[in-house]
Amino acid sequence: PAQSSLAGTWVNELGSKMVLNPPDDSGQFTGSYLTAVSAAQKPIRVSPLVGAQHDPKGAEEEYTFGFLVNWSFSDSIAAFAGQRFVDAEGKETLETTWLLRQKVESHGDDWEATRVGRNVFTRA
Ligand SMILES: CC(=O)N1C(=O)N[C@@H]2[C@H](CCCCC(=O)O)SC[C@@H]21
């Protein structure tokens, strides 16, 4: 049967990779994210993430989750929210929507600070 928790290594279509650790009994987890792409003018580095999922005991298969990535090389932060799906062959996909909030230099620039996107992760 498919692994029940989110623990493990995932990759998205951009080539970004994330490693998620097993959730605790309340569904909270930590991990790391290595993005393949960035708007920052600095070299990309592995960045820490914290998150939470429903159903940490894995009784169901298609639960929702979210996590925050605190970029270690850029003054920005990303929030992901999504759901795990398992197909008839047991193949898992994580459908996510993310918000990327960049630090802007003035309050007047706040309007241009947040990007949104969708992304799918599969097991690496
Ligand atoms: C999943 C997905 O689409 N993305 C992904 O894997 N990497 C990019 C962004 C990386 C931001 C790095 C820090 C910065 O440039 O400020 S977060 C959304 C997007």
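Note that ligands are numbered from 1 as they come in the structure, with each ligand's atoms numbered from 1 the same way. In this text the structure is predicted, and so the values were computed from the model without any measurement.
Counting heavy atoms under 4.0 Å from ligand 1, residue Q102 touches it through the side chain alone.
Not a single donor-acceptor pair under 3.5 Å links the side chain of R115 to the backbone N or O of L100. A distance-only check finds a donor-acceptor pair linking the side chain of T96 to the backbone of N119 [under 3.5 Å]. No donor-acceptor pair closer than 3.5 Å links the side chain of R123 to the backbone N or O of T9. Judged by distance alone, the side chain of D55 and the main-chain N or O of E60 form a donor-acceptor pair under 3.5 Å. The closest donor-acceptor contact from the side chain of Q83 to the backbone of E62 lies under 3.5 Å.
Near S16, with a cut-off below 4.0 Å to any heavy atom, the atoms of ligand 1 are 5 (C), 6 (O), 7 (N). Atom numbering of ligand 1 starts at 1 in the shown order; those under 4.0 Å from a heavy atom of N12 are 1 (C), 2 (C), 6 (O). For ligand 1, the atoms closer than 4.0 angstrom to any heavy atom of F80 are 1 (C).
Protein heavy atom closest to atom 8 (C) of ligand 1, with residue, atom name and distance, is V37 CG2, 3.7 Å. For atom 17 (S) of ligand 1, the nearest non-hydrogen atom of the protein is W71 CZ2, 3.5 Å. Residue, atom and distance of the protein heavy atom nearest to atom 5 (C) of ligand 1 are Y33 OH, 3.4 Å.
For the pair E95 and R118, the salt-bridge criterion is met [side-chain N within less than 4.0 Å of a carboxylate O]. Under the 4.0 Å criterion applied to side-chain N and carboxylate O atoms, R101 and D110 are assigned as salt-bridge partners.
When A40, S76, A79 are ranked by how near their heavy atoms come to atom 16 (O) of ligand 1, first place goes to S76. The option with the heavy atom closest to atom 7 (N) of ligand 1, from among T35, L14, V116, is T35.
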(request) Test L6 against Y63 for side chain to side chain contact (heavy atoms under 4.5 Å, CB included), laying out the working first. (result) CA-CA 10 Å; L6 293 176; Y63 43 80; 3.8 Å; yes
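At least one N or O atom of N119, backbone or side chain, sits closer than 3.5 Å to an N or O atom of ligand 1.
A39 counts as a contact of ligand 1, since one of its heavy atoms falls under 4.0 Å from the ligand.
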